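Taking it in order: structure first as structure tokens, then the write-up.
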Amino acid sequence: MGELTFAMRFRKINPMPYNFTATEKKWQHYWLDAKPFAALDPSQAGDMPKAYVLDMFPYPSGAGLHVGHPEGYTATDIVSRFLRMKGYNVLHPMGWDAFGLPAEQYAIERNIHPAITTQKNIDNFRRQIQMIGLSYDWDREVNTTDPRYYKWTQWIFLQLFNSYFDPIEKKAKPISHLVNELLNETYVVAPDGSVKLNPIGEGMKAIAGEVRVERAWSELSPQEQREIVDGQRLAYMDEIPVNWCPALGTVLSNEEIIDGKSERGGFPVERRPLRQWLLRITAYADRLLEDLETLDWPGFSKELQKNWIGRSVGAEVDFEIAGARGEERGASKDDVITVFTTRPDTLYGATYMVLAPEHPLVDRLVASDRKNDIANYRAQVSSKSDRDRLAETRDKTGVFIGAYAINPVNDDKIPIYIADYVLMSYGTGAIMAVPAHDQRDFDFAKKFNIPIRPVVKPLVGEAPADKPFEGEGIAINSPIIDGMPTAQAKEHITETLAREGNGIKSVNYKLRDWLFSRQRYWGEPFPIVLDEQTNAYAVDDSELPVQLPELADYKPTGTPQPPLSKAVEWGRYEKDGKTFTRETNTMPQWAGSCWYYLRYIDPQNEERFVDPVKEKYWMSADLYIGGVEHAVLHLLYSRFWHKVLYDLGHVSTPEPFQRLVHQGLILGQMEFHAFSSADGSPISADELTDIKEEVIGAGPTMTGVHKQSRQKYVAQRVDEEMVQKAGPKFVLKSNPSITVDARAFKMSKSRGNVVNPDDIVRDYGADCFRLYEMYLGPLEASKPWNTRDIVGMSRFLNSVWRNLVGDEERNRVAKIVNEPPSEPLDRMMHYTIRKITEDIPNLRFNTAIAELIKLNNELTGLESISQELAENFVLMLAPFAPHIAEEIWQRLGHERSLARHAWPQFDEKKLVESSIELPVQVNGKLRDKITVPADADEATIFAAAENAERVKPWLQGKTIRKRIYASRKLVNFVVG
RNA sequence: GCCCCCGUGGCGGAAAGGCAGACGCUACGGACUUAAAAUCCGUUGACCGCAAGGUCGUGCGGGUUCGAUUCCCGCCGGGGGCACCA
């Protein structure tokens, strides 16, 4: 409120020299009509270099744009405008990611059909984005909910459905290819009972692992054949335990779960087995990992993806079941438990073994007297939601199953347990437990009194006695690898196991296949029909798009039955006299955003998702800016789809986004919270009032835990004015015994610290808003918003106007003259051109703007300003503050927009100065400065430096041990 | 617990290993004004000093270097990611 009234008063009493509201409107209209930002198709572009500058498109929420959106969008806009002036053919588009949960939740809350709210929200977003003066090519706008768009989302899905992953060539191929291969091949049944393929001889090991049973393809029934083929598709159905969120009425992908709760809304999620669509992203794990190396991305973004993919290299080791006792209970003599371990070198230290509670071998191995315990434990585990499991910190539970396994290296008989700290979904669902060298195994062994046997000793010192030694070292108590360092021991023991047929080198991933179906209405329908056996069939390409039916009641059913099942008419499908039903699940939010950057290239094409010639010209994106929050979800999914399209020959690059940058979060305005510093006890609003300090309204308080006393405190919000710094902390001016915590919080409705771009643009104008956000700090850093500081940019723009156009109430301050600028100004101009020309591609907008301010400060107060300097200044200002720049450009006598005017050139020769100033240090401390001719030699410089007035006393009576001259930088004397 | 990033004035932030604090905000002083706003001109890291000038100073402690905000090692503090992944 304060800043708002300030701005209004400011404007009323003292009108700004230029009317930003009218000026900005004028140029926005011009840009929409004249379309100076249209990207040229390759056939028209001649030899212009191309640049694809991409934003992460927003999902148009009901709340409208927040100040974080324009941060990234302004950054790409500056780059786009700059590159156009540099002669590039720039593709800079915008669109709407409008399907998905948030849009649908918003519609349900208001009881309005999502199609209507979505359209309204899009219109509002478009208005806000245009209000900021962003130079998008609006003829390329895309909308993921438009049937003309999702037709191609469905088409790409069918590409996945109709493909499989060839493990030998490590790439996707058409499923028809697989069917041909199968005619002469065999399929295999893997040890866990699942049917696996052997498509091409050598691929057997890669796909099937241990081969147990073989049958010829021709002996299979058509239905069996079908199931095998379907099981290899990149888009497939499976009944698996999934994350079911009752509150949202849908399943969610692993990526959408945070701390056991839904990313959207924070609702609890439970595990349930359901038949769902999955995309085989795991097949691409290695390539998604390896190709990260080729990308110009922030290090931590790559790291995030690496962690998410979670590749670990180790070995699978087979443990036989201890003889007769196993057979008694019907376990086959051939039964083995295969474990995965990253530390095969600790095999001698395995003193027990753990299976996941759901492991299929448990039933066959369990001793009859243990059956009850096992059943109880399993019930206990399955009743727990993932959230409960997480809540129970690290307390280990488990049950002995009454059977033993044989350690293949030393024939030790070790007990087999089940425990919920072993997950069926990772590795083989079974581990060898080495309590001496693994924290979890150690905790478990302590609790169940299992022996702990050290088999690795540290390179230096002793292993601690009270905890496991998890580092690398030297193998001990391990006959075949004793004395070997860990890396070598791993390799040697793995080779030995492989030779004896007890193990094999193995790689595991945390990445799971992508759960791709949702039980919601507002998403792309699957282009799939099902027969009575729920076999899936693709609809013909000619039937695309499969339109989302209009439904009066589109709300989630609260059961896994999707809302589309209510569209009975729509769901019926007949072909060739056979009856099918349509798939009623819909695709998740991420589907449309997986490929939108391709559609921008050729948005109107009705024949193809993108024209190959245009695709080849524009891809890949040269700059992609968006929030970190998409570092795993959107960016991983997109890369996966892109690679599939690449394998199938539909796109020309293996990666979609060559250079990625994340803009930092803009936090809310700094808040000051006062609390008792002595003991951290809570301080009340009354107490503050007692010491004559106002608490800010009913504003949010902050709660925390006092570091020293570990007491909870409640901190009341106070005004910045009441606060002062005392040593390393802030205190209340009037009562220094009260500590004040200064912090900026994430903007949120509940904190009430959200800044609305509409307000800022209304009060200060779009140019000022853009400048302010870019001047705030480095693009990638998080930084707090401070409305107070905006006035600096407002003053700058007004000053530019006064200097180059004049003040309408007062006289023009300076004359624009057709003469070259004075020498120092000329040098400064060339310096500024160089600096800004370097800063923009490096996205260092804050320092670029500082240079513009500096140059403008030099112009202030001059009686005349060179036309050349004025023009260059305006051209450099244009990417940052395009409206005012266009207006001044016009007033400087130009009829044509500067949007494609050539960027100013700098001249190195103009930067050379005849004399330079050098700091002189003595023992690293600055003592004086000297001015010498730019071409002076070292001897001259040292002589001048030694005789400098303020240097002499420091050299008096001392010996100069060393003279250092850092060329054109500084002089340093070492004396003693 | 593991991984990544960050600590510079009252605030946002500048500094290819070379003048720490560019530029903006705030605050203070001055000019203009009947007055205020706006604008323009100064000062604004801390300490000592009338001044010239000096000392200290980039979270803390070491190291490398003629020279470290920058590079290395070890702490402390803040933020983010992953989290029973074998």
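Reminder, nothing fancy here: chain letters follow the sequence lines and each chain counts from 1. These numbers come from a predicted model, not from an experiment.
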For nucleotides [N] and [M], find the distance between their [atom1] atoms and express it as a whole number of Å.
N     : M     : atom1 : value
B:G53 : B:U34 : C1'   : 45 Å
B:G80 : B:U65 : P     : 40 Å
B:G30 : B:A14 : C1'   : 29 Å
B:C11 : B:G17 : P     : 27 Å
B:U44 : B:G29 : P     : 15 Å
B:U8  : B:U58 : C1'   : 4 Å
B:A20 : B:U39 : P     : 33 Å

Comparing nearest nucleotides in RNA chain B, the 5'-proximal residue of the pair A:A850, A:K969 is A:K969
I want to confirm an ordering. Mapping A:V632 and A:Y775 to their closest nucleotides on RNA chain B, which one lands closer to the 5' end?
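This one resolves to A:Y775.
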Below 3.5 Å, does any donor atom in the side chain of [X] face an acceptor in the base of [N], or the other way round?
X      : N     : value
A:K929 : B:C19 : yes
A:K396 : B:C84 : yes
A:N307 : B:C82 : no

Which is true for [X] with a 4.0 Å heavy-atom rule: it touches a base, it touches only sugar-phosphate, or it touches nothing?
X      : answer
A:R950 : sugar-phosphate
A:W954 : sugar-phosphate
A:F300 : sugar-phosphate

A:N508 side chain to A:S312 side chain, donor-acceptor N/O pair below 3.5 angstrom:
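The criterion, which ignores hydrogens and geometry beyond distance, is not satisfied for A:S312 and A:N508.
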Do A:N407 and A:Y348 have side-chain atoms, one donor and one acceptor, less than 3.5 Å apart?
no
Euclidean distance, atom [atom1] of residue [X] to atom [atom2] of [N] [Å, nearest integer]:
X      : N     : atom1 : atom2 : result
A:F730 : B:G10 : CZ    : C1'   : 7 Å
A:N972 : B:G18 : CG    : P     : 13 Å
A:K510 : B:C84 : NZ    : P     : 9 Å
A:R927 : B:G53 : CZ    : P     : 12 Å
A:M670 : B:G12 : CE    : P     : 5 Å
A:R961 : B:C66 : CZ    : P     : 13 Å
A:K302 : B:C5  : NZ    : C1'   : 16 Å
A:I666 : B:G12 : CD1   : C1'   : 12 Å

Could you work out which one of [options] sits closest to the side chain of [X]?
X      : options             : result
A:T847 : B:A15, B:C25, B:C19 : B:A15
A:P778 : B:C66, B:G13, B:G53 : B:G13
A:E303 : B:G12, B:C23, B:C3  : B:C3
A:Y426 : B:A86, B:G12, B:C4  : B:A86
A:K962 : B:G18, B:A86, B:C66 : B:C66
A:F340 : B:G53, B:A86, B:G12 : B:A86
A:L304 : B:G24, B:G81, B:C56 : B:G81
A:N846 : B:G18, B:A14, B:C19 : B:A14
A:I853 : B:C23, B:C19, B:A14 : B:C23
A:L926 : B:C25, B:C40, B:A20 : B:A20

Would you indicate whether A:K446, at its atom NZ, is surrounded by more than 12 heavy atoms from other residues, nucleotides or ligands within a distance under 6.0 Å?
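Incorrect, the count does not exceed 12.
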Both distances under 3.5 Å, Watson-Crick or G-U wobble: report the partner of [N], or none.
N     : result
B:C11 : B:G24
B:G18 : B:C66
B:U34 : none
B:G53 : B:C48
B:G61 : B:C73
B:C2  : B:G81

With A:E71, which of A:K783, A:R770, A:Q663 fulfils side chain to side chain donor-acceptor pair (under 3.5 Å)?
A:K783
Is the closest side-chain heavy-atom distance between A:R751 and A:K746 below 4.5 Å?
no
Return the CZ to CH2 distance between A:R927 and A:W954, rounded to the nearest 0.5 Å.
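Here the interatomic distance stands at 3.5 Å.
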So, is [X] close to the [N] phosphate, meaning a side-chain N or O under 4.0 Å from OP1 or OP2?
X      : N     : result
A:R795 : B:U26 : yes
A:N857 : B:G24 : yes
A:R844 : B:A15 : yes

If the plane angle is over 60° it's perpendicular, under 30° parallel, otherwise tilted; pick one for A:F730 and A:F672.
perpendicular
When A:Y772 is tested against each of A:W785, A:Y764, A:F796, A:F845 for ring pair (Phe, Tyr, Trp, His ring centres under 6.0 Å), which residue passes?
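Only match with A:Y772 under ring pair (Phe, Tyr, Trp, His ring centres under 6.0 Å): A:W785.
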Decide if the gap between the ring center of A:Y417 and the ring center of A:F444 is smaller than 6.0 angstrom.
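Between A:F444 and A:Y417, which both carry aromatic rings, the centre distance is below 6.0 Å.
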